Every structure is written in C-alpha cells, then in structure tokens.
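Computed from a predicted structure; not experimentally measured.
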Amino acid sequence: MLNRKWVIQQVVVRGPLWVGTALRLLPKPISSFGLEQQMNWFFRQELTVGELDFLSGKTVKVEVADLNYQFYLQLQQGRLTVLADGAEDVLFRANSQDLLQLITQQADPDTLFFRRKLALLGDTELAMAVKNLLDTIELHERLPKSLVTLLTRLAEAVPALDQGQLA
C-alpha cells in the first residue's frame, strides 16, 4: 500500500511537470474552452450579483510560470471569456504551488506578493480588485469536501518543498 504522505509529496513535486506537459499537448482552444467553463461555474455567484463588473472592458493576463501556461481573461456580456492572447491591463503571475496555497488560503495574496511569489503588474486599481476578490473566495462553499481536503493537503506540503525537504 502506498504511503499517503509520499504520494502527496510526489504530486507536489512532480505535479507541475505533469500538468504542464498535459497543457502543452492539449490544443489551446480546448484548454481555453474548458478553463472558461470552469471559471464561469466557479465564479457563478459573483457573476450573478455583478461582483466581477470591475473586469468589464479590462483584460487580466494570468501566467502560471512553472507550467509555462498563460491565458487572458475578460468579462464579456456577463460571462468570463478566456482568450489565447491580448493586451493586458494587469498581469497576475505565480507558480502553481503558490497558486495552490493562495486558493486554499494557506497563504494570503499580500504575503505571496511581499515574498515575490505573486506578481500583480499593471493597472494598480484593477490588480487590487483582483487580489481582494481572491481574498473572499471560500473553497469549501464551492467545491466538494473531498476535493477541498485534497487541495488543502497538497498546499500544506508546499512549504516543505520551498525548504528543500521534499525530493
């Protein structure tokens, strides 16, 4: 039987390579469509009440540096739209492990920003609005408990990776 801690460590260490490879093999229109569908589902509550209206007419470029993956996000006609390229108003850049810590609230955006693990460049007001939105997300209200538990366990292993304790 596999050791659960070992499996989590392997996913944290090797996961970005696996995901990055899968993203490079998947045609961009397919990955963009899937991402767009998931983003609209995940942010459905904010979209319904207009909390994402600050994105109207703006473009956010999201870069996941260690995956060598980027996309451009816009709000169009009340829906989030993922584009392959564009001229960004703000750049949001981080590694996958740091994003994992961010979405599971193991680290807050300010901490990651001051540790230079999260870059928010461009329109300062828009960048702050994106950061503040991320601060309000509660995964346990949006995702199945088992998925939240898995993501949290993975995020908890990231500091050991940063300290060189995972191989």
Can you name the nearest heavy-atom pair linking [X] to [Y], along with the distance?
X: Ala65; Y: Asn95; answer: CB-OD1, 3.3 Å
X: Gly78; Y: Leu47; answer: O-CD2, 3.5 Å
X: Leu118; Y: Pro109; answer: CD2-O, 3.6 Å

Residue pair [X] / [Y], side-chain heavy-atom distance below 4.5 Å:
X: Lys117; Y: Gln97; result: no
X: Leu73; Y: Val82; result: yes
X: Leu126; Y: Leu55; result: yes
X: Asp66; Y: Val64; result: yes
X: Thr104; Y: Leu154; result: no
X: Lys58; Y: Leu75; result: no

- Message: Let's go through Leu121 and Arg93 carefully: what are the C-alpha distance in whole Å and the side-chain angles of both, what is the deciding distance for side chain to side chain contact (heavy atoms under 4.5 Å, CB included) to 0.1 Å, and is it a yes or a no?
- Response: CA-CA 9 Å; Leu121 307 169; Arg93 178 180 39 221; 3.7 Å; yes
Using 0.5 Å steps for rounding, measure from the [atom1] atom of [X] to the [atom2] atom of [Y].
X: Gln37; Y: Leu80; atom1: CD; atom2: CG; value: 11.0 Å
X: Asp89; Y: Thr124; atom1: CG; atom2: OG1; value: 11.5 Å
X: Leu83; Y: Gln76; atom1: CG; atom2: CD; value: 6.0 Å
X: Gln105; Y: Leu151; atom1: CD; atom2: CG; value: 12.5 Å
X: Tyr69; Y: Lys28; atom1: OH; atom2: NZ; value: 4.0 Å
X: Leu143; Y: Glu138; atom1: CG; atom2: CD; value: 11.5 Å

Does [X] belong to the same Ile/Leu/Val/Met/Phe/Trp/Tyr cluster as [Y], with side-chain heavy atoms less than 4.5 Å apart forming each link?
X: Leu91; Y: Tyr72; answer: no
X: Leu147; Y: Phe42; answer: yes
X: Leu100; Y: Trp18; answer: yes
X: Trp41; Y: Ile137; answer: yes

- Listed partners of Arg142 passing side-chain hydrogen bond (donor to acceptor under 3.5 Å, both in side chains), at least two apart: Glu46
- Query: Will you find, in the side chains of Ser56 and Asp53, an N or O donor that is under 3.5 Å from an N or O acceptor?
  - Reply: no
- Query: For residues Gln74 and Thr59, is any side-chain donor paired with an opposing acceptor at under 3.5 Å?
  - Reply: yes
[atom1] of [X]: more than 12 outside heavy atoms within 6.0 angstrom?
X: Asn68; atom1: CG; value: no
X: Arg24; atom1: CZ; value: yes
X: Gln45; atom1: CD; value: no

- Is there a side chain to side chain contact (heavy atoms under 4.5 Å, CB included) between Met128 and Lys131 once you walk through the steps? CA-CA 5 Å; Met128 293 305 295; Lys131 182 196 80 67; 3.4 Å; yes
- Message: Quick one, Asp108 with Phe113, criterion side chain to side chain contact (heavy atoms under 4.5 Å, CB included). Give me CA distance, side-chain angles, the key distance, then yes/no.
- Response: CA-CA 9 Å; Asp108 63 270; Phe113 180 79; over 6 Å; no
